[in-house]
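Quick note: residue numbers are just sequence positions, from 1. These numbers come from a predicted model, not from an experiment.
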Amino acid sequence: QVRLVESGGGLVQPGGSLRLSCAASGSIFRINTMRWYRQAPGKERELVASLTSGGSTNYADSVKGRFTISRENAKNMVFLQMNSLKPEDTAVYYCNLVNYRGPGWGPSDYWGQGTQVTVSS
């Protein structure tokens, strides 16, 4: 029903910037939350940033002030602008959609395939 496709990852030097994009298609309801997660080798997947359909944002302490999540609803796109990148930001980044169909239905959870971000000199 819903497909998420991430893009924009790559190799960047410390201090550099990248912008990740997530294109969403399918049955996306008005009330939803978009999230970016990341998972580094040997570590658990962690929540990086979230953005509700009402515009509320939350960030992990490790990225606050450096990363910005945004969305362009007309294009069903969500973005993660990453500045001042550090080697510890190296991970596979995943786009996540929590879709709220309505009362009594509960949320639905969808994931993209992930995009690799490598921060190294």
With a 4.5 Å cut-off on side-chain heavy atoms, are Y94 and R45 touching? yes
Minimal heavy-atom distance between S21 and M77, with the atoms involved, is CB-CE, 3.9 Å
Scanning both residues in full, the closest heavy-atom pair of P107 with Y100 reads CB-CE2, 3.7 Å
Sorted by chain and number, sequence neighbours left out, side-chain hydrogen bond (donor to acceptor under 3.5 Å, both in side chains) with S108 holds for none
Can you get from V2 to V78 by hopping between Ile, Leu, Val, Met, Phe, Trp and Tyr side chains that sit under 4.5 Å apart? yes
For T57, the side-chain hydrogen bond (donor to acceptor under 3.5 Å, both in side chains) test, sequence neighbours excluded, returns none
Q. Taking atom types as modelled and ignoring hydrogens, do the side chains of N32 and S53 form a donor-acceptor contact shorter than 3.5 angstrom?
A. no
Residues 58-65, side-chain donor-acceptor partners within the protein, below 3.5 Å, at least two apart:
residue: Y59; atom: OH; partner: I69; partner atom: N; Å: 2.9
residue: S62; atom: OG; partner: R38; partner atom: NH2; Å: 3.4

Q.
Please say yes or no: joined through hydrophobic side-chain contacts below 4.5 Å, possibly via intermediate residues, are L97 and L51 part of one cluster?
A. yes
Distance col, row T52:OG1 vs R35:CZ, nearest 0.5 angstrom, shows 10.5 Å
Heavy atoms of C22 and M34 approach each other most closely as SG-CE, 4.3 Å
Rounded to the nearest 0.5 angstrom, the CH2-CE distance for W36 and M82 is 8.0 Å
So CD of Q39 and OH of Y93: to nearest 0.5 Å the spacing works out to 12.0 Å
Contacts satisfying salt bridge (charged side-chain N to carboxylate O under 4.0 Å, His left out) that involve residues 1-19 (not counting sequence neighbours) are none
For S50 and T33 the tightest heavy-atom approach is CB-CG2, 4.3 Å
N99 and Y110 have their tightest heavy-atom pair at CB-CE1, 4.2 Å
inquiry  = So V48 and F67, do their side chains get closer than 4.5 Å, heavy atoms only?
reply    = yes
Query raised in the report: Would you say E88 has more than 12 foreign heavy atoms packed within less than 6.0 Å of its CD?
Result: yes
Across all chains, not counting sequence neighbours, the side chain to side chain contact (heavy atoms under 4.5 Å, CB included) partners of V119 are V12, P14, L85, P87, D89, T90, V117
Flag, side chain of E72 to backbone of N76, donor-acceptor distance under 3.5 Å:
no
Correct closest heavy-atom pair for L4 and A24 would be CD2-CB, 3.4 Å
Sorted by chain and residue number, the ring pair (Phe, Tyr, Trp, His ring centres under 6.0 Å) partners of Y37 (sequence neighbours excluded) come out as W111
Worksheet item: Is atom CD1 of I31 surrounded by more than 12 heavy atoms (other residues, nucleotides or ligands) closer than 6.0 Å?
Response: no
